[in-house]
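Letters A, B, ... mirror the listed sequences (proteins, then strands); counts begin at 1.
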Amino acid sequence: MTAEAPSARTPQSAKTLTDLNAPQQRAVALPVTQPPTHGLILAGAGSGKTRVLTTRIAWLLAGGQARAHEILAVTFTNKAAREMTTRLAAQTAVNVRSLWIGTFHGLCHRLLRLHYREANLPQSFQILDVTDQLAAIKRLCKTLNIDDEKYPPRELQYFINAHKEKGLRAGEVETWDDITRKKAEIYAEYEAQCQREGVVDFAELLLRAFELLSRNAPLRTHYQQRFQHILVDEFQDTNRLQYDWLKLLAGGGAAMFAVGDDDQSIYAFRGAEVGNMRDFEREFAGKQVIRLEQNYRSHGHILAAANALIQHNRERLGKELWTDAGAGEPIRVYEAASDQDEAGFVVDEARALVEEGSSRSQIAVLYRSNAQSRVLEHELFSRGVAYRVYGGLRFFERQEIKHALAYLRLIANPDDDTAFLRVVNFPTRGIGARSLENLQASARQINASLYTAAASLSGKAAVTVGGFVRLIESLRAAIVALSLPEQIEQVIEHSGLAGHYQNEKEGQERLENLDELINAAAVFAGSDEATHADESGGMLPAFLGYASLESGERQAGEGEEAVQLMTVHAAKGLEFDVVFITGLEQGLFPHDNAISDARGLEEERRLMYVAITRARQRLYLSSAQTRMLHGQTRYAMPSQFLVELPPECLKLLSRQKSARSDAAFWREGFVSFKRPPAAARERVDGAPEFPGGLKLGMNVRHAKFGFGVIIDAKGSGEEARVEVNFGSAGIKWLALAYAKLESAST
DNA sequence: TGGGAGTGCTTTTTT
DNA sequence: AGCACTCCCA
């Protein structure tokens with residue numbers, strides 16, 4: 001029961017409820033019962049998912065159904081967590097701070113900070129990000145004398161994380177051959193190293209928190225009784241461990257409210273299990289499945305295309321979006337001769353749109369892989385169109401920031417060998433590989449951290465390495481009484497980082513970033529997050545944790561008046577008036593690596609579904625017959641996804657003027673997805689010729705595989721073989737002596 | 001110690 | 001092609 005007059009807020013809450021459509025209302029007002037009524041909300045793209053989630057929380061609070069501290073809301077990104085908090089603050093008078101809203105990792109981090117002893121961690125434990133983790137693994141391999149040809153550190157990292165995400169410790173790994181057995185051994189050594197150094201990686205945050213609750217009955221009971229309502233966003237992206245963690249927390253009778261869209265599951269490649277949605281349906285008794293299918297974002301043709309496309313997937317829970325907005329404009333399709341031509345087309349259209357009054361920031365250019373951005377950027381740049389690329393280095397990943405943080409980490413936790421090695425000789429202090437090897441050897445001998453070992457050195461190393469230790473000690477003493485931003489400022493100055501970058505040619509920007517770090521610390525110190533975090537262990541460790549979990553803004557400014565360039569993955573959750581989906585070629589989108597197996601292809605199709613549903617009013621689809629990739633020209637057929645779209649939603653654009661009517665025109669365009677385009681002839685000129693008059697890039701026809709494009713060739717005479725891309729029939733090597741290939745160019 | 005040359009990789013990515 | 005990483009030499 002909420003003590004302070006809920007009646008005062010009820011009218012407002014009732015009003016928000018009437019703003020919703022019927023299924024949204026049902027979801028928001030899912031009754032609070034005992035035993036609990038769980039909700040699985042299948043929320044299609046643009047169906048008001050976040051709104052339902054926050055309104056549900058507001059409804060629970062306003063009606064006195066739940067108290068703030070009984071609510072746990074989990075998201076995947078910090079951005080989503082922030083957005084939920086902001087929206088909620090606008091919707092309810094309850095103090096949003098007393099709710100637990102955060103990412104899986106953020107919440108687990110909080111649990112571990114609060115109960116570090118029970119979790120068997122030092123109070124000052126630090127978080128390893130992906131880069132730190134890889135460095136730690138490389139270092140481990142070196143100490144253990146592991147052949148990094150046979151066991152590449154990256155593979156080991158994947159191996160370790162994949163198992164942690166399934167909830168498996170090194171001892172629980174299924175070993176069926178020597179390689180796996182060895183990897184499991186390294187995994188065990190890695191765990192021991194992390195434990196010794198007092199560091200946890202991202203996956204460990206989750207696994208450790210899970211184990212903490214599953215092994216410690218009093219704690220488990222405490223949290224199970226506390227959280228009566230667990231709400232999860234983007235449920236389709238959860239991995240096994242996250243799902244188990246949720247189940248464990250909900251085990252005491254909490255109501256689960258999971259919102260997700262199986263059709264937008266595009267992270268299986270990194271461990272997300274859509275199957276969790278099916279499992280939820282099976283495992284949570286007393287659940288209600290509610291479908292949100294009304295789309296408030298896109299015009300009709302765009303939605304029709306998305307629906308038609310996704311229907312080619314077999315593994316679905318089933319859902320069909322509809323809108324009461326009109327059909328809108330047809331989807332514009334353009335088949336370019338080359339990637340440069342494609343870029344030219346995009347920029348032509350974008351400029352025209354801007355001239356007609358469109359905002360540049362409402363135009364997004366999407367692509368499957370980052371490598372594709374180069375050509376687009378070049379064209380936008382040379383023709384003076386402002387643009388922003390998403391992706392790339394983020395603030396807390398910058399070299400100078402990581403250096404500064406490493407000093408701070410070492411001050412907070414001297415056992416952090418990763419941090420030690422990062423800055424022991426940066427800026428250079430004459431500590432070379434040789435002295436470090438000696439140091440590592442003596443550290444191993446006395447089973448202590450590098451820092452501890454460094455303190456007991458003698459001889460020349462005592463001067464250099466010992467000097468570094470004394471530097472850290474004096475920094476720690478000097479900053480102990482200072483505020484967080486002052487602490488960081490001191491460390492940057494007296495570690496020698498500032499001096500180093502002042503002398504460096506390109507150091508100016510780095511210095512500015514270091515200033516920005518001080519700024520970020522000041523902002524952090526005044527935030528709610530800091531108040532939460534400071535409950536356990538002081539401001540500095542709290543800030544370091546924040547810096548690891550919140551990698552910071554991408555370079556791109558979201559609202560800026562610039563055309564937005566990003567991968568389809570990065571576009572998930574965003575929407576734009578105008579969207580270009582580029583590079584729709586078989587082998588690129590869907591990507592080669594995914595085409596061969598059905599599950600991979602379905603994920604690619606979901607990716608395409610996500611891309612299409614980003615568009616509000618206008619959607620462009622483009623492909624290129626020729627593309628420079630990895631320094632080589634590649635030829636490809638248009639993507640099979642183009643063929644899977646309903647032709648009546650499409651309009652083919654062409655550089656050539658046609659006397660024919662629009663309708664006849666697109667019809668011909670549609671056919672061209674199945675038959676090699678006539679324009680392909682142009683690119684055959686100049687290509688090397690092979691026996692039988694065939695050339696690279698030529699369109700051919702095969703009795704069984706149908707139409708295709710020659711993309712490579714080997715050998716000559718009787719031995720001559722060509723590689724042909726047959727689109728949806730796949731890519732095949734054919735011996736010219738046997739395969740009857742006929743030229744299909746007219 | 002730092003830079004230049006040689007080598008290999010290259011889908012998507014948050015925490 | 002472009003980038004990150006390693007190795008070797010001055």
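- Here dT12(B) presents its P atom at 9 Å from CD of Gln372(A), a figure rounded to the nearest Å.
- The phosphate of dT1(B) (OP1 or OP2) has a side-chain N or O of Asn425(A) nearer than 4.0 angstrom.
- One P atom belongs to dT13(B), the other to dA4(C), and the distance between them is 16 Å to the nearest Å.
- Ring centers of His403(A) and Tyr501(A): at least 6.0 Å apart, outside the cut-off.
- Note that the first and last nucleotides of DNA chain C, 5' to 3', having any atom under 4.0 angstrom from a heavy atom of chain A are dA1(C) to dC3(C).
- If you check every strand for non-hydrogen atoms under 4.0 Å, Ile431(A) touches sugar and phosphate atoms only.
- Distance Asp233(A) CG to dT15(B) P: 13 Å, rounded to the nearest Å.
- Listed nucleotides: dG2(B), dT13(B), dT10(B). Nearest to the side chain of His630(A): dT10(B).
- For the pair His109(A) (side chain) and His105(A) (backbone), a donor-acceptor distance under 3.5 Å is absent.
- Within the 4.0 Å cut-off from OP1 or OP2 of dT15(B), not a single side-chain nitrogen or oxygen of Ser548(A) is found.
- No aromatic stack links Phe269(A) and the base of dT11(B), using centre distance under 5.5 Å and interplanar angle under 30°.
- Put simply, CZ on Phe104(A) is 17 Å from P on dT14(B), counting in whole angstrom units.
- In this entry the distance linking NE2 of His500(A) with P of dG2(B) reads 8 Å, nearest Å.
- Formation of a donor-acceptor pair under 3.5 Å by the His569(A) side chain with backbone atoms of Ile266(A) is found in this model.
- Look at the C1' atom in both dC5(C) and dT12(B): the space between them is 23 Å, to the nearest Å.
- Atoms CZ (Arg82(A)) and C1' (dT14(B)) sit 13 Å apart, rounded to a whole Å.
- The neighbour count for Glu644(A) CD, taken as heavy atoms of other residues, nucleotides or ligands under 6.0 Å away, is above 12.
- Using a 4.0 Å heavy-atom distance criterion, Asn370(A) is classed as a sugar-phosphate-only contact.
- Atom-to-atom, CG of Asp201(A) to C1' of dT14(B) comes out at 14 Å; the value is rounded to the nearest Å.
- As rounded to whole Å, 22 Å separates atom P of dT11(B) from atom CD of Glu602(A).
- Applying the 5.5 angstrom centroid cut-off and the 30 degree plane-angle cut-off, the aromatic ring of His591(A) is stacked upon the base of dT11(B).
- Within the 6.0 Å centre-distance limit, the rings of His115(A) and Tyr223(A) are counted as a close aromatic pair.
- Using a 4.0 Å heavy-atom cutoff across all strands shown, Tyr267(A) reaches sugar-phosphate atoms only and no base atom.
- Ring pair Phe426(A)/His500(A): centre-to-centre distance below 6.0 Å.
- With dT15(B), dT11(B), dT13(B) as the choices, the nucleotide that has an atom nearest any side-chain atom of Val130(A) turns out to be dT15(B).
- Judged by distance alone, the side chains of Ser623(A) and Glu585(A) never bring a donor and an acceptor atom under 3.5 Å apart.
- Applying the ring pair (Phe, Tyr, Trp, His ring centres under 6.0 Å) criterion to Tyr407(A), with sequence neighbours excluded, gives no partner residue.
- Of the two residues contacting DNA chain B, namely Ala433(A) and Ala594(A), the nearest-nucleotide position lying further toward the 5' end is that of Ala433(A).
- The side chain of Thr567(A) contributes no N or O atom lying less than 4.0 Å from OP1 or OP2 of dT11(B).
- Counting non-hydrogen atoms under 4.0 angstrom, Phe76(A) reaches the backbone sugars and phosphates but no base.
- Regarding Leu607(A), its CG atom lies at a distance of 11 Å from the P atom of dT12(B), rounded to whole Å.
- When heavy atoms are screened at a 4.0 angstrom cut-off, Asn78(A) is found touching the sugar-phosphate backbone but no base atom.
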